[in-house]
Structures are given as structure tokens and as C-alpha cells.
There are 2 protein chains.
Amino acid sequence: MTDAGTTTPPRRSDATRSAILTAARERFAADGYERATIRAIARDAGIDPSMVMRYYGSKDGLFAAALDVDLELPGPEGLDPREVGEVLVGHFLDMWEENEALTAMLRVGATNQAGAERLQGVFRDQLVSLARQVCPDPEQAPTRAALVASQVLGMALTRYVLRLPPTVALSREEIVAWLGPTVQRYLTAPG
Amino acid sequence: MTDAGTTTPPRRSDATRSAILTAARERFAADGYERATIRAIARDAGIDPSMVMRYYGSKDGLFAAALDVDLELPGPEGLDPREVGEVLVGHFLDMWEENEALTAMLRVGATNQAGAERLQGVFRDQLVSLARQVCPDPEQAPTRAALVASQVLGMALTRYVLRLPPTVALSREEIVAWLGPTVQRYLTAPG
DNA sequence: AGTGTTGGCCAACAAGTGTTGACCAATGGC
DNA sequence: GCCATTGGTCAACACTTGTTGGCCAACACT
């Protein structure tokens, strides 16, 4: 999060820059790529649209900068293979609730090629390596990770994007209880 | 499909009308709502953009007309509650492969309110009534139908929209074998 | 103090959008 | 053969979009 070392000198405009990123995440999450206009983002951030261009080059550049997501998946330590399903589902729910960049990526990924690839990248890199640690045959890790993604993204889609009332009404615990065993099976059941 | 009865007199322009609908479904499925322009749809259909307006009133009207989907879920007869999961997953895969309107609805639903509501309607009306027939407590039918939707839509999302390579590589049989038991459990497991 | 750099706003551009209305050509009933 | 209806094109309107360049004020350094 904070600057660690000599990577970037602090600029006077950092406040504006991060205001733009925050507004961009909100707009992308709420409206998707096409309908999240630079003008609207700039208005939310309280500055002129041309500033967005100066700082991020283009709308694509802004998108790339705004949606840098780390799933923060648990490492090998503290990962009990027998309850990885429930832990994972709970973790994803937390991520989604607190980080609107994930909803933004999902919404944008549905219509925008760059968004789809970014979503692919996040789940491929971070989920597959976890799957490799817990599934019986490491060869199957990509397939099993994809199955997990289908269920987790499906829940995110119906709950945070489509807002199907019954999925919105479910509590965190209920979702974990329902999806946990599914994810558990996708990851650890003999292939 | 075909005209049954005296509902609508056949018009000379029926060929054009259905050409427009076909092109619209393709474009909506491929590009989503905003990027599927009326001009592009008209070009695909080989006519002038203004015809689209004349026949369907507006872009919203075209969208509504193009995406009228019947899931064709099996009725109470021929529905063995013990294998409803696998049957349902197979059925959804067939629907998705042959009907691009479903992919269109999914893509549009991610960014467009009307699309989201339409998707909600389709799954609510058609899936819930099926759930009511097989789940132990009819009171829970909406919740169970929503869980099924989360898994089925999640697979459709990763396979037909995001095109995650491992999900694309799976065969119909593999998907049925993996998702079938999940859907079965969401529908019939004691609550 | 003076000067270069940075942060910011304003006005405009070119392109593309949904939508409209005027106009033409073919059809079909009388 | 005449004429109303239908199927279709063309050109334009009003608007929004991403993007650009010119200009001004505040700062930082010497």
C-alpha cells in the first residue's frame, strides 16, 4: 500500500491521483467499462476530465491502473486441506465485500476484452497455485481452479452484479455452508 | 417458433424482421449492449439503420424483442428427483450451445439494468417452479433455485463469456459429472 | 526576486451514437 | 390503370464520447 523505499517520489498531486482511482473503481464497478465515462469519473473526483488523461494517458490506462487486484489467498501455512473449501469461500466473500475493484473487474470483463483477460490473469495465477497445493493430481490444478472459479464467480455475479434477491438475502454463513462443500469437492475429490 | 393460429398476419417484411433479430442476438452476445450499435446490427442484416427503429421502436425495444428466451425446462413428468442435477446441467449446456440469446442476456445483464432484470425474470420464473417440485421444503425453492443459478451462470460466464481456457476445454460429459452433483445437492439436500 | 516546473481549468475537436423525417419504389386491391 | 399501403434508402439532427492543446496560478528552488 504505502511507498516502500525509493520507488516513487511523493508528488503534490497524489491526492488527486488517488481520488481519480477511487472514483474510477466506483464507476467501473457500478456501470461497466463503456458507461463509466471519463467525464463522470472526473466529476466524482472533483477535477477536470483532462487531468485523467494527463495522469493515466487514456481510458484504457486508467482502467489498468484502477483494477490492480491481489486476491490475498492464504499461503501453504495455515491451510488445512480438509476445510479449504469453506475457508476459501469465506475469504472470497470478504474480498468482494471490501474491494469494489473485484465487482468492477467482473462487470467490465463481461463486455471488455481487456477486462476479461485481467480477470483471467488474476484467477489463473493466484487460484491455480493454490489448487496445486491441495488437489490430488497437480496436473489437474488448472481444471480444478477453473471449476472453483465458475462457482465463486457465479455467486459474485448473481449477488453483486445481477443482485438476484435470494442471493443477496443469504448471509455470509449460509453461503459458506452451501458453497464450501462444493469448492471442497472441486479441489480435493479424486479425479 | 412458427406462427400458431391467427395471432399475427404474415407480412412481406418478415424476412427482414427476423434478419434483424438474428443479427441483434449475435451482436448483443458478442459485444454487450453498449457496443452493439444499431448501425452494426443493420449492416449485418443488410438494411438501413432506420428500419430497425421503424420495426422495433428503439434500441431498448430491439433488445427486448431479441432476447425472449424460454429455457424449456423439463416438466414434472420425466423428472426423476434423484438425477435432476445431471439432467439439468446437461440441459443448460444444450440451451447455451444452441441459443446465443442466452450468452447475450448474460453479457448484457452485467452492465445493463434491463438485461439484468430480464435474466432475473427468466431464471426466477422458470427455475423456481422446477425447484418447488423437487426440493424438500417448497418455502426454500427461491433460495435453492438461486444457488443453482449461481453455479450454472458461473459456468456459462467462465465458459462462454470470459472463455477461461480450462472451462472451454472441458467436455459436456465432464461438466455434467462435475456440476451435476453440485446442482443435485443445492436442490435436494436437506436444509 | 526571478524562473522553471507542476497542478489545474477551459474550450474545442473529430468521431460515433440513437433517432427522425423526407423521399422513392414496389406491391396489391379495386 | 389508379391509388393507398408497405418496404426501404438517404441525409441530417442533437448529443455524447475520448482526447488534445492553450492558458493561468501556485509552488519550489536558487
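Chain letters run A, B, ... following the sequence lines, proteins first, then strands; residues in each count from 1. Not measured: the values here are computed from a predicted model.
The base of C:dG7 has none of its N or O atoms less than 3.5 Å from a complementary donor or acceptor on the side chain of A:Arg11.
Cation-pi check for B:Arg144 over B:Tyr186 is not met; the charged atom does not lie both under 6.0 angstrom from the ring centroid and within 45 degrees of its normal.
If you take CE of A:Met53 and P of D:dT17, they are 14 Å apart, rounded to a whole angstrom. As a whole-Å value, the separation of A:Arg54 CZ from D:dG18 P is 18 Å. Rounded to an integer number of Å, the gap from B:Phe63 CZ to C:dT19 P is 14 Å. With rounding to whole Å, A:Ile41 atom CD1 is found 11 Å from D:dT17 atom P. The distance between atom CG of A:Asp31 and atom P of D:dT16, rounded to the nearest whole Å, is 16 Å. Distance A:Glu34 CD to D:dT16 C1': 14 Å, rounded to the nearest Å.
When heavy atoms are screened at a 4.0 angstrom cut-off, A:Ser50 is found touching base atoms of the nucleic acid. Using a 4.0 Å heavy-atom criterion, one finds that B:Tyr56 contacts no nucleic acid atom at all.
Comparing A:Arg35 and B:Arg17 by the nucleotide of DNA chain D that holds the closest heavy atom to each, the one mapping nearer the 5' end is B:Arg17.
Ranking D:dG18, C:dC9, D:dG8 by closeness to the A:Ile38 side chain, first place goes to D:dG18. Checking D:dT17, C:dG7, D:dG7 against the side-chain heavy atoms of A:Tyr55 singles out C:dG7 as nearest. Out of C:dG7, C:dT19, C:dA22, the shortest distance to the side chain of A:Met51 is found at C:dG7. In this structure, of D:dT20, D:dT9, C:dA12, it is C:dA12 that holds the atom nearest to the side chain of A:Arg39. Picking from D:dT9, C:dC10, C:dT19 the nucleotide with the shortest atom distance to the side chain of A:Asp48 gives C:dC10. Closest contact between the side chain of A:Lys59 and the listed nucleotides C:dG7, D:dG18, C:dC10 involves D:dG18.
The list of ring-ring contact (aromatic ring centres under 6.0 Å, His included) pairs with a residue in residues 10-45 of chain B, not counting sequence neighbours, reads B:Phe28-B:Tyr33, B:Phe28-B:Phe63, B:Tyr33-B:Phe63.
Using a 4.0 Å cut-off between charged side-chain N and carboxylate O, A:Asp94 and A:Arg172 make a salt bridge. Salt bridge present: A:Arg159 and A:Glu97 bring a charged side-chain N and a carboxylate O closer than 4.0 Å.
Note on A:Ser58: every side-chain N or O is 4.0 Å or more away from OP1 and OP2 of D:dG18.
Nucleotide D:dT30: paired with C:dA1 (Watson-Crick or G-U wobble, both distances less than 3.5 Å).
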Show me the donor-acceptor pairs within less than 3.5 Å that the side chains of residues 108-116 of chain A make with the rest of the protein, sequence neighbours left out.
{"from": "A:Asn112", "atom 1": "OD1", "to": "A:Ala114", "atom 2": "N", "distance (Å)": "2.9"}
{"from": "A:Asn112", "atom 1": "OD1", "to": "A:Gly115", "atom 2": "N", "distance (Å)": "3.0"}
{"from": "A:Gln113", "atom 1": "NE2", "to": "A:Glu117", "atom 2": "OE2", "distance (Å)": "3.0"}

